[in-house]
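It should be emphasised that the depicted structure is a prediction, and the values quoted were computed from it without experimental measurement.
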Amino acid sequence: KKYKPVALKVKPVYASLPEQYRIKREIKGDPLKTADMPKLSKNPPDFEPKGRYTQERKDAMDKVHEGDFLLPEERKLVHQLIAEQNQAFAWEDDERGRFREDFFPPVVIPTIEHKPWVERNIPIPPGIYDEVCKIIRSKEKSQVYEPSNSPYRS
């Protein structure tokens, strides 16, 4: 049995993209301006926790990257870099940030008027229902998922 009859196949509509939906990048200034970048030492100091980069996270990083791929001084330099740029790293969903909207404006996807199709929701097994709800709430809290009134499921 076919998944969907050919008559019900969704077909793209060929049209030019209206100007209001075009993505415009207007980066003002130099985001990589060296004056704002922290300086790294040629002889990195011993590790000191800073911001989000705690001793536990450093130990976890060392455990994952064991071996002699990096020399001890190179490893110290990596830890110094991560500590200086600790806001750029997210170890948990609630630490996740967003791109600056003045550099990367939200993308709006154009649609045409149509009758929404209706499909039955995929059921969540009762044994994992609470866990799935917890995951969805945490994704909403960290703004990975956004509330929607869309007639479609995703």
Distance (rounded to the nearest 0.5 Å) between [X] [atom1] and [Y] [atom2]:
| X | Y | atom1 | atom2 | result |
| --- | --- | --- | --- | --- |
| Lys63 | Lys58 | NZ | NZ | 14.0 Å |
| Glu92 | Arg52 | CD | CZ | 10.0 Å |
| Glu140 | Ile135 | CD | CD1 | 12.5 Å |
| Ser16 | Tyr21 | OG | OH | 12.5 Å |
| Tyr53 | Leu81 | OH | CG | 9.5 Å |
| Ser142 | Arg137 | OG | CZ | 14.0 Å |

Next on the checklist: Take a 6.0 Å sphere around CD of Glu48 and say whether it holds more than 12 heavy atoms from other residues, nucleotides or ligands.
Outcome noted: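 Open.
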Is a salt bridge present between [X] and [Y], judged by a nitrogen-to-oxygen distance below 4.0 Å?
| X | Y | value |
| --- | --- | --- |
| Arg75 | Asp62 | yes |
| Arg22 | Glu19 | yes |
| Glu95 | Arg57 | yes |

Between [X] and [Y], which heavy-atom pair has the shortest distance, and what is it?
| X | Y | answer |
| --- | --- | --- |
| Trp91 | Ile82 | CH2-CG2, 4.1 Å |
| Ser41 | Pro45 | CB-CD, 4.5 Å |
| Ile124 | Tyr129 | CG2-CA, 3.8 Å |

Item to check | Verify same cluster id: Leu77, Leu71 (apolar side-chain graph, 4.5 Å) | outcome: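 Different clusters: Leu77 never reaches Leu71 through Ile, Leu, Val, Met, Phe, Trp or Tyr contacts under 4.5 Å.
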